Structure formats: structure tokens, C-alpha cells
Number of protein chains: 2
Amino acid sequence: MPRRGPNNGADKRNRILRAAIRIFSQKGFFNSKVSEIARASGVADGTIYLYFKNKDDLLISLFEEKMGDVVAGVRQRISAGGDALAKLRIFIDNHMELLEREAGLIEVLQVELRQSKKFLKDYTPVKFFEYLEVISDILEEGKREGLFRPDLNVSVARRAIFGALDELCLTYVLSHNPKYHPSVSSAEIYRILAGGLCAAKPSAQAG
Amino acid sequence: MPRRGPNNGADKRNRILRAAIRIFSQKGFFNSKVSEIARASGVADGTIYLYFKNKDDLLISLFEEKMGDVVAGVRQRISAGGDALAKLRIFIDNHMELLEREAGLIEVLQVELRQSKKFLKDYTPVKFFEYLEVISDILEEGKREGLFRPDLNVSVARRAIFGALDELCLTYVLSHNPKYHPSVSSAEIYRILAGGLCAAKPSAQAG
DNA sequence: CTCCGGTGAATGGCGGTTCATTCATGGAAG
DNA sequence: CTTCCATGAATGAACCGCCATTCACCGGAG
């Protein structure tokens, strides 16, 4: 346990952020006490205020920084490529897999981002919009390729896709029921998006 | 449930619930003060505690009672009928239209129900599950009719559908941007669910 | 008169934030 | 090398405002 040192700054800040994710995801923003986060990150209450303006700022920093990582990650995985449908599949899988790699983060984003978009004055979730942008890019590409309907409403569709993924994540987080396991959910969501609910069309048989 | 007065009992309780919806939807549960709700419903602070156990109970009662109305309403509209696709369309339209008829309620459900599912101990959102059940019923019927894929994963699909609708509602509530207008959103979501994102298949197109 | 729904000022404690204090560190001086 | 100080990161107890909840009291109906 390195108690003191001049170069701990960034490290300490990160410890706080990670602890905040853990605590917020367990009890929600409003039910979490700053002192708890302090304890969980092995830091004094006051120290948190050296790195963050206040409790709100801690939440927002968490959103922007961690969501930034997520966006960068999925952009990279998608660049590997294929057609728009392949990229969509990658996006979906990536989102659902985050649930296992970064469960706490996803839980916080799901529940608190929603609150925050609505109630935190003068906060625009920049990184969240970038995440949606990733979906738009895929959809636009699909239209250009002629793979997706030319009349596809990209603005609405990207929200619908995000909403579906988000709800399934929440469901799995709350229930841990294997019937909503990320792999199961992402497969079904992909099938719905690719071909809809309806029974097989003559030409669209995928094995 | 104090119901002594000539006709004021149930009426007063309802005034409180309606005011709570308004206040919660504007500021969120945690940022709303009981005294505000009292003022908004023309009642004293203490009176609220004659009708509800505490602030949490007020929120939960609101969920269950109002969501109950929503479920009953959509069940009725759907019973009017048609095949599964027609019913799905009714469900979608009904959900998005609620946004205009019952904006406040929808906003509360969207943001706070999510919180509550996760953080309110020993609360199971009974009426919310009933709402999902309505979707399941439609999907199962579609499978029986041979209209929907026999391998459709109903559990996942109903969540995906709800998630898509929910996200679009939230988007419209936050932006009021006409490009997410309920009528626009519901049309596009229906198209995606019915036929997927992909361009027209050779034989399945009747102009 | 009694009863009781309703009242709203008072209360209690909770928790975000502050700030006086501590002390490891590294450099300057001897 | 040792000693001494200035620095500022870190601390955490105390502060203070807030707000859910309570309860002593009021007034109208029977």
C-alpha cells in the first residue's frame, strides 16, 4: 500500500473512478455516499474533492471518460470490417459482451445516464452521442451498399437499436437469467434487425 | 385508505398522485420534495402520509396504479384485433401515442421505473411485467399463425421491442425534435420489426 | 360535546462539502 | 553526509443546509 508519493495523482484519480463505478452500480447515484466511495477507493473524503468538483462532476467524468473508451473500442473492432450487416453484428456483440467485461460500468450508464440526460443541468452526453454515431455510420453504409432499405430512417433506427440492446442488458443485469445471456440476446436481436420478426422470405435464408 | 369524507377521500388521493407524476417527471424522484408535491396538489405535507406510507410508497403506488390503466387500455385496443402484425402495430402506436396523452406518466415510468427495478428493495413491478406479457401474447399468436418465425425467441424479442419503444419515447421527451415524433417513430419501428433493416427481397414485395 | 381528517411548523439525522491540520517529500544549506 | 524547511497532497471531523417524517393542534360534521 503506497501511502504517499508525488506521482500517485493519476493513479489515485483512477482508483476513485473505479470505486465510484462499483458503488454507483450497486446502489445508484443518489443512494451512494461520497464517504463510501472514499472508503472503497482507500482515500479520504476530502481527497475526492481534489480530483472532482463535486459528486455530480464525479458522475459526469465517469460517463465521459469510460464511455470514451467504449466508443474507441467498438470503432476499432468495427474497422476490421465486412459489409454493414457484419459490422452491425460486431456492434451488437460488442455491446452485449461489455456486460461481462465491464458489468458495473454498463449498469451505471444504463440507469444513471438516463437520469442525467434529463436532470443534470447543462450536461450533454457527448460520448453517448458518439456511440450512437457509430450506429448511424453502419446504417448509412448499409444504405449506400444497397444492403439496407433506402427509406430507412437512420435517426430513429439507431435509437431503436440502442434501446433494444440497452433493455436486454438491463434485463440480464437484474435477473442473471441465462435465457437473457448476452450471447443469446445478441443473436436474437441481430436476427430481428436483419430480417424482422416474420417467417422466412423466399430469398433470405441464412443457414 | 382513509375514505371518510363525503367524496373527498379518493379524490384527494388522486390529486396527490397526479401532482406526483407532474413533479417527478419534471425533476426526478430524488430531486422532488414531498412538500412540493403537497403544494402542487393543494394539500398539506402531512396529508400525503395519510394516503401513502412514505415517499417510496408514493412512487410505487403511482407505478402500479397508472401502469395498470395503461395495460388495461392497450389490452382493450388490441382485442379489436386483426392478425399478429396488426396487433403489433396497434401496440406500438398505442405506446408512442401515450407520450402525448400521458407525457408525464411516461416520463416517470421511463426514468424512475428503471431506478426502482434496481434499487427499491422488495419491489417487483407487477404491472410492468403484465405490459411485457401483452407483447408476448402477440408474438406467440404470430408464431401460431405461422406469421412469425417459429424460432423467434419471445422472451428476448419482447424486451427488444419494449426497449426500442422506450428509447424513442425518451428521445422525444428530451428533444421534442419532430424527427422523433411519435407517429414517425412508430412507423419506422414497425417497419423494422416487420421486415428488418434490409432492402426488399425479390418476392416479398407488393408495392 | 366527540371524532377524525387535515394541517404545517418543528424535528432529527443524514450526507455533501469544507478547511484547519498533518506529514512525506525533495531540495537547499552546512 | 545530515539537518532543516517549504511545499502541497492528503486527511477526516465538523459543519450546515436540507428534507422526509412526525405530531400537537384545529375545525367542521354528526
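This is a predicted model, so every value here is computed, not measured. We name chains A, B, ... by the order of the sequence lines, and we start the count at 1 in each one.
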Whole angstrom is fine here: how far is it from [atom1] in [X] over to [atom2] in [N]?
{"X": "A:Phe29", "N": "C:dG15", "atom1": "CZ", "atom2": "C1'", "result": "12 Å"}
{"X": "B:Phe52", "N": "D:dT21", "atom1": "CZ", "atom2": "C1'", "result": "16 Å"}
{"X": "A:Asp57", "N": "C:dT17", "atom1": "CG", "atom2": "C1'", "result": "14 Å"}
{"X": "A:Arg15", "N": "D:dA9", "atom1": "CZ", "atom2": "C1'", "result": "13 Å"}
{"X": "A:Tyr49", "N": "C:dA20", "atom1": "OH", "atom2": "P", "result": "18 Å"}
{"X": "A:Leu58", "N": "C:dT17", "atom1": "CG", "atom2": "C1'", "result": "14 Å"}
{"X": "A:Ile48", "N": "D:dT11", "atom1": "CD1", "atom2": "P", "result": "10 Å"}

When you look at A:Glu102 and A:Lys66, which way does the salt bridge (charged side-chain N to carboxylate O under 4.0 Å, His left out) test go after all the steps?
CA-CA 10 Å; A:Glu102 302 259 27; A:Lys66 296 301 173 184; over 6 Å; no
Students often mix this up, so state it plainly: with edges at 30° and 60°, are the rings of B:Phe162 and B:Tyr131 parallel, tilted or perpendicular?
perpendicular
Respond yes when some side-chain nitrogen or oxygen of A:Tyr51 is under 4.0 Å from OP1 or OP2 of D:dA9, and no when none is.
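Checking A:Tyr51 against D:dA9: no side-chain N or O falls below 4.0 Å of OP1 or OP2.
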Among D:dT21, C:dG6, C:dT17, the one nearest B:Lys55 by side-chain distance:
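My answer, after comparing the listed nucleotides, is D:dT21.
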Picking from C:dT7, C:dG5, D:dT11, which would you name as closest to the side chain of A:Leu50?
D:dT11
Taking [X] first and then [Y], would you say they form a salt bridge - that is, a charged N and a carboxylate O separated by under 4.0 Å?
{"X": "B:Glu112", "Y": "B:Lys117", "result": "no"}
{"X": "A:Arg191", "Y": "A:Glu188", "result": "yes"}
{"X": "B:Glu133", "Y": "B:Lys127", "result": "no"}
{"X": "B:Arg114", "Y": "A:Asp166", "result": "yes"}

Positions of residues 30-46 of chain A (non-hydrogen atom under 4.0 Å from DNA chain D), listed by number
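Those residues whose heavy atoms fall under 4.0 Å from DNA chain D, taken from residues 30-46 of chain A in numerical order, are A:Val43, A:Ala44, A:Asp45, A:Gly46.
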